[in-house]
2 protein chains.
Amino acid sequence: MVTMKDIAMMAGVSRSTVSRVLNSSGYVSEDARKRVEKVIQETGYVPNEHAKSLRTKKTKVIGVILPTIQTETPSRIVTGLGRELSKNGYQILLANTDHDTKKELEYLDLLKVRQVDGIVLIATNTEPELLNKLKEIDIPLVMVGQEADDVVHVTYDDYHAIRDLTRLFIKKGHEKIGFIGVDETDRAVGYIRKKGFYDEMAAYGLTIEKQWIQQGIFDIDSGRVAMEKIMTHYKERPTATIAVTDRLAIGAISFLKEQGIQVPTDMAIAGIGASEMSQYIDPSLTTVDYQNEKAGEEAAKQILALIDSKPYQKKIILDYRLIERDSV
Amino acid sequence: MVTMKDIAMMAGVSRSTVSRVLNSSGYVSEDARKRVEKVIQETGYVPNEHAKSLRTKKTKVIGVILPTIQTETPSRIVTGLGRELSKNGYQILLANTDHDTKKELEYLDLLKVRQVDGIVLIATNTEPELLNKLKEIDIPLVMVGQEADDVVHVTYDDYHAIRDLTRLFIKKGHEKIGFIGVDETDRAVGYIRKKGFYDEMAAYGLTIEKQWIQQGIFDIDSGRVAMEKIMTHYKERPTATIAVTDRLAIGAISFLKEQGIQVPTDMAIAGIGASEMSQYIDPSLTTVDYQNEKAGEEAAKQILALIDSKPYQKKIILDYRLIERDSV
DNA sequence: GAATGGTGTGGAATCGATTCCATACACCTT
DNA sequence: AAGGTGTATGGAATCGATTCCACACCATTC
């Protein structure tokens with residue numbers, strides 16, 4: 001492998017001079033610069049990043065911890081993140097937890113060992129154990145999608161989005177509304193979205209039957225199962241159901257169609273996330289668009305600001321957009 | 001930051017001994033080992049990976065170049081890849097080209113600079129320029145999804161899959177079959193799938209109208225547009241159409257439904273890829289399952305074998321599975 | 001009692017960059 | 001003539017690990 005030393009020898013200068021050429025720092029004569037550049041050109045030399053990192057303590061790598069890249073939300077965030085980071089010469093080291101929250105902790109250590117310049121956490125949980133760990137790791141960190149004190153974060157306005165969605169149903173005359181949520185340890189998706197729903201219902205004095213509230217995980221099939229449970233409540237069925245993700249909503253619709261129940265006539269449905277498929281299923285799905293790529297870009301900007309010790313925003317709440325389609 | 005030197009001092013041993021404890025190599029007395037481990041425990045010391053890499057020339061990082069993580073094929077591959085790699089202590093450095101083939105070349109350099117131990121290329125093109133570059137980069141490399149001489153690769157049996165799909169239509173009595181492809185610079189998806197289609201049609205002596213063959217890009221909307229073009233051929237319309245990806249097929253169906261054309265009665269449709277949505281759209285889509293996660297795992301195994309100079313397979317062709325659903 | 005071999009340990013070189021410091025020369029300025 | 005300033009360059013220390021080598025000690029063995 002060709003190193004700086006070789007370049008220095010071949011160009012007849014010292015390593016210091018080569019370094020100066022490489023980093024365009026300090027004084028270098030036009031003559032020396034030309035010679036060095038020529039040799040670099042000829043040899044195809046590239047500086048060793050590890051040696052560089054060892055010395056400068058900078059790696060130009062951002063670690064990204066996420067639960068999966070197989071669903072649209074995280075993959076869009078990563079796309080936005082990657083775009084913005086690569087503009088600034090940074091790259092992404094991927095840490096996929098596969099929805100295993102224990103791995104979030106493990107990966108934090110791993111990323112620390114690798115001396116990443118920053119960490120972006122597309123988190124699913126905000127347990128104290130994690131938050132404590134975040135505090136003791138003194139690497140710039142930005143969290144996306146979840147709110148947390150003392151942590152810079154970029155989030156969506158989950159609370160108002162779900163209230164808007166609920167109000168949309170109410171305005172259309174629905175009084176019995178079901179809800180398909182997820183586990184509340186996921187604070188943003190599980191807890192806040194549920195709370196928004198309850199609050200809006202309460203604001204209109206509407207009551208909710210216990211069985212209308214079901215819980216799924218993050219896949220389509222659990223949406224089917226949840227809807228099945230809701231519909232087996234024969235005494236009184238809701239006339240509309242809100243699912244906290246599009247996939248859950250799609251699963252719910254799929255079950256209803258199988259049963260010959262008309263959407264939206266017999267049951268109106270809405271999801272959240274504006275997945276690409278939401279507009280192609282039948283009926284097209286009413287949902288909320290969250291600008292995930294922008295969230296990724298914002299997260300990138302914040303992490304870069306943190307790294308460069310520039311002013312940053314501790315808390316960014318992104319706007320959302322209700323997309324009303326045929327499912328309501 | 002606490003370094004090996006600190007640990008050595010605090011434990012009252014030399015750095016050599018600390019290193020031996022860390023790597024469980026050479027001789028270390030039980031007594032010394034205990035002391036060192038205790039200090040490491042107390043200080044929370046973690047060795048600096050860059051220093052290590054500089055010395056050992058190993059980084060335990062695999063670079064992954066891909067066109068996007070927003071579609072299911074690459075994201076599934078990366079999931080499989082990541083799972084297998086992390087089992088072996090490797091991590092993924094992500095390089096997202098955003099479908100820009102020029103960036104594939106750039107990223108190859110970037111990954112080289114970072115001294116990644118291996119590169120996995122989820123490629124979209126196999127132009128000579130790229131292949132030449134691959135040869136001169138002497139880092140273990142595996143390509144997924146595209147075939148290429150002199151490069152270790154994991155591919156799908158595109159040719160036979162599309163022939164099977166075509167034959168399925170023919171057996172059902174279709175004689176006029178349309179085709180929605182993509183640009184042929186994507187050899188696997190654009191060229192081979194098209195060739196398989198032509199060959200199977202020819203085998204049955206069936207002719208193809210020029211206008212039945214349309215081209216899209218990799219999104220749903222271009223599938224709509226392509227189908228629209230096919231249907232404006234009023235003289236003779238096909239009774240079935242094969243799309244080379246599920247998204248194109250979904251776009252096509254979406255157009256047909258809008259026009260009140262029945263699927264599959266008036267037009268049968270099939271895609272490729274077994275996207276999650278394929279079973280939830282209406283009618284459910286006939287498609288081909290390619291085991292993308294397994295492809296990722298296989299790619300991981302090959303790259304690890306290459307790195308460890310163990311026996312590897314130059315060429316892996318994965319099996320596929322036809323999924324017949326309501327769209328035919 | 002000398003040779004052999006298994007243990008255990010530390011010293012020092014090394015990986016490939018960056019960066020501080022010393023030095024040197026040319027050209028002004030007072 | 002002495003001193004100051006801008007330009008140009010090289011030497012050497014440094015980052016934090018790994019690893020080869022030398023050496024010391026103790027227990028066998030012939």
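Below, chains carry the letters A, B, ... as their sequence lines are ordered, and counting in each starts from 1.
Looking at which nucleotide of DNA chain C each of B:K57 and B:V13 is closest to, the 5′-most match is held by B:V13. Where A:R20 and A:M1 meet DNA chain C, the nucleotide closest to each residue was compared, and A:M1 sits on the side nearer the 5' end. A residue-by-residue look at B:R15 and A:R33 shows that A:R33 has its nearest nucleotide of DNA chain D further toward the 5' end.
Comparing the helix axis at one end of the helix from C:dG1-D:dC30 to C:dT30-D:dA1 with that at the other, each defined from 5 consecutive pairs, gives an inter-axis angle of 60° (nearest 10°).
Using a 4.0 Å heavy-atom distance criterion, B:V18 is classed as making no nucleic acid contact. Across all strands, B:K5 comes closer than 4.0 Å to no nucleic acid atom at all (heavy-atom distances).
Between A:V144 and A:L66 there is no side-chain heavy-atom pair separated by less than 4.5 Å.
Pairs of residues two or more places apart, or lying in two chains, that qualify as salt bridge (charged side-chain N to carboxylate O under 4.0 Å, His left out) and include a residue from residues 57-73 of chain B are B:E72-B:R76. Here ring pair (Phe, Tyr, Trp, His ring centres under 6.0 Å) pairs that include residues 14-69 of chain A, with residues two or more places apart or in two chains, are A:H50-B:H50. Among residues at least two apart or in separate chains, there is no salt bridge (charged side-chain N to carboxylate O under 4.0 Å, His left out) pair with a member in residues 298-311 of chain B.
No donor-acceptor contact under 3.5 Å links the side chain of A:R55 to the base of D:dG16. Applying the 3.5 Å distance criterion, the base of C:dG11 shares a donor-acceptor pair with the side chain of B:S16.
Here the options are A:D109, A:L93, A:T59, the test is side-chain contact (heavy atoms from CB on, under 4.5 Å), and the partner is A:R114; only A:L93 passes.
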Between the protein and nucleotides 3-7 of chain D, which nitrogen or oxygen pairs come in under 3.5 angstrom?
residue : atom : partner : partner atom : Å
D:dT7   : OP2  : A:Y27   : OH           : 2.8

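Note on A:K133 versus A:E129: no salt bridge recorded, every NZ/NE/NH1/NH2 to OD/OE distance being 4.0 Å or above. Comment: B:K87 engages B:E84 in a salt bridge, judged by a side-chain N to carboxylate O separation of less than 4.0 angstrom.
For the pair B:K34 NZ and C:dG8 C1', the computed distance is 16 Å after rounding to whole Å.
Under a cut-off of 6.0 angstrom, the local environment of NZ in B:K294 is sparse, with at most 12 non-hydrogen atoms contributed by other residues, nucleotides or ligands.
For A:S14, a side-chain nitrogen or oxygen approaches OP1 or OP2 of D:dG10 to under 4.0 Å.
When the salt bridge (charged side-chain N to carboxylate O under 4.0 Å, His left out) test is applied to B:D138, no partner is found at least two apart in sequence or on another chain.
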